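One structure is given here, and the rest of the page talks about it.
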Amino acid sequence: MKPKKVLVVDDSKLLHRMFEMMLRGFPLVHAFDGREALDRLAEHKDIELILLDINMPRMNGLEFLNAVKAHPEFARIPVVIITTEGTEDDTERGMQAGAAAYVKKPFRNEELLGVINRLTASPAA
Amino acid sequence: MAAREQLPKHPTSALDELRAALDRAATLAKELEARPEGAGELKSRLADVESDREELSVKLAEYEHQVQRLMNLYVATYQLHATLDPAEVQATIAEIAINLLGAERFVLLFWKTGPGGTRQEECEIAFSQGMEDDQSGAYQGGTYGGGDPAVDATLADGVLRIGPLDGSPALACVPLTVQGAVVGALVILKLFDHKEMLRAEDRDLLDLIAAHAASALFAARVYSVTDRKLKTLESLVALVRRQ
């Protein structure tokens, strides 16, 4: 089975490097803010999962998520929010905006991999 | 007539058949007796397998834990030395503190140096995060002039301190050293609410920051100064050549 392409949206270069190490089986596309991420989505039509930070310059994660969910072509792509914003309100806001999962930083690799495997394994995802 | 036909032709053969039947019964009885022992053996094997499985899952969790620890260390080291831009090195130190350690409030201090590289009595705050709500008053105006006993001690002796620390709100004081000399400290004052405490594996990252962060920043600053001087010289040479 062809590995699914993942878009990583985070302003931290450290986290991009971390995801490269963690997700060796997945082709990754990188973006450092929401606006750049929208450009990457338009370029790569086969992206099947988005890992999204919230606090970013230019366009933050929630703004990007709203744009994705309002887009007829991209709305089906599951989005995992990965952020330091860890209150219940933050989580609820993210899930209401249409996120498929919410992971708090710092995260355990197995926790995030479990979420990613679940979302990429399901055909409905 | 029919009953007579059913009788055995020879009495001895009837006895033999009876003996054989008794033997079969005895064998069956033995097998029946043996059956509970077999079930017991199976149960014992099942218990062994379950115990092995538990041991393996504990080991797997340990390996995953070690892999994550090593991955964090590798990524942090790689990123610290991936650039010669001082601002990027500083940003990487902050990213390690936020994303890998879960620090919500922290300051990065460097001893101020005067002319000729002489060390002054206060530190500059090179980077801070979440300090808007800080009530201590020790970190104001972009400088730290002392007052927190744990921070002062770390800046003086270069020893990593992890809280709780007597008389100090700091959760960790990480010395930043270059060739054995303390040039500053990373002071972690608060973790995110969802990160309850610094864990054992965080100690490795704090050690790594102590050993690598300052040298990476120092190298980047030296490069930056040298590069600026080189560019100044090149533009001077170009100016002279034009005249």
Side-chain angles (χ1 to χ4, degrees), chain A residues 6 8-26 28 30-33 51-58 60-61 80-95 99 101-118, chain B residues 57-58 60-83 85 87-106 129-130 188 190-199 201-202 204-206 208-209 212-213 216:
Chain A
V6 178
V8 179
V9 194
D10 200 306
D11 60 342
S12 161
K13 286 184 181 173
L14 183 88
L15 260 295
H16 282 271
R17 184 73 193 149
M18 177 73 82
F19 289 129
E20 277 174 12
M21 296 282 295
M22 269 178 73
L23 306 173
R24 281 176 182 268
F26 295 88
L28 299 186
H30 300 272
F32 291 84
D33 62 59
L51 305 181
L52 178 67
D53 183 25
I54 294 295
N55 294 320
M56 291 182 294
R58 298 212 301 169
N60 72 34
V80 180
I81 292 178
I82 305 170
T83 179
T84 53
E85 308 293 317
T87 66
E88 284 194 13
D89 282 351
D90 295 324
T91 311
E92 201 178 316
R93 235 189 332 266
M95 298 306 279
Y102 198 99
V103 176
K104 294 167 193 169
K105 292 180 194 170
F107 52 81
R108 294 232 176 236
N109 289 5
E110 59 265 30
E111 177 194 6
L112 183 60
L113 286 172
V115 170
I116 290 171
N117 287 334
R118 175 168 61 81
Chain B
S57 47
V58 168
L60 183 66
E62 276 174 20
Y63 290 143
E64 279 175 349
H65 188 72
Q66 291 293 336
V67 166
Q68 169 141 26
R69 199 183 123 254
L70 291 172
M71 195 184 287
N72 283 353
L73 290 173
Y74 169 77
V75 170
T77 315
Y78 177 95
Q79 212 55 43
L80 277 173
H81 295 287
T83 177
D85 177 356
E88 269 197 48
V89 178
Q90 256 176 232
T92 301
I93 297 169
E95 285 176 17
I96 293 169
I98 296 167
N99 294 314
L100 302 186
L101 292 167
E104 185 178 12
R105 187 186 301 159
F106 60 91
Q129 170 88 21
I188 298 176
K190 185 179 183 298
L191 299 175
F192 289 113
D193 290 337
H194 56 268
K195 169 124 184 190
E196 287 174 12
M197 56 194 283
L198 288 169
R199 294 186 290 258
E201 65 265 27
D202 293 329
D204 296 331
L205 272 171
L206 296 174
L208 179 132
I209 290 173
H212 286 261

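Naming convention: chains lettered A, B, ... in sequence-line order (proteins, then strands); numbering from 1 in each chain. No hydrogens, no waters, no symmetry mates; every other heavy atom, side chains included, goes into these values. The model shown is predicted, which means the values in this text are computed figures rather than measured ones.
With a 4.5 angstrom heavy-atom cutoff, B/R199 touches chain A only via side-chain atoms. For B/E104, no part lies under 4.5 angstrom from a heavy atom of chain A. Of the two parts of B/L80, neither the backbone nor the side chain holds a non-hydrogen atom closer than 4.5 Å to a non-hydrogen atom of chain A.
Put simply, CG on A/D10 and CG on B/N99 are 6.5 Å apart, with the number rounded to the nearest 0.5 Å. Rounding to the nearest 0.5 angstrom, the gap separating the CE atom in A/M21 from the OH atom in B/Y74 is 5.5 Å. Between atom CD of residue A/E88 and atom CG of residue B/D193 there is a gap of 11.5 Å, rounded to the nearest 0.5 Å. A distance of 11.0 Å separates CD in B/E95 from CE in A/M18, rounded to the nearest 0.5 Å.
Atom CE of A/M95 sits in a crowded spot, with more than 12 heavy atoms from other residues, nucleotides or ligands closer than 6.0 Å.
Contact count versus chain B (heavy atoms, under 4.5 Å) is highest, among A/T84, A/L15, A/D11, A/T83, for A/T84. If you tally non-hydrogen atom pairs under 4.5 Å between each of B/K195, B/E88, B/Q68 and chain A, the highest count goes to B/Q68.
Residues satisfying the ring-ring contact (aromatic ring centres under 6.0 Å, His included) criterion with B/F192, sequence neighbours excluded, are B/H194. For A/Y102, there are no ring-ring contact (aromatic ring centres under 6.0 Å, His included) partners, not counting sequence neighbours.
Here the shortest heavy-atom pairing between A/L14 and B/V75 reads O-CG1, 3.5 Å. Nearest heavy atom pair, residue A/P106 against residue B/G102, reads CD-CA, 3.6 Å.
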Inset, instruction - Evaluate the side chain to side chain contact (heavy atoms under 4.5 Å, CB included) criterion for residues B/H65 and A/R108: first the C-alpha distance (whole Å), next the side-chain angles of each, then the deciding distance (0.1 Å), finally the verdict. - result: CA-CA 9 Å; B/H65 188 72; A/R108 294 232 176 236; 3.3 Å; yes

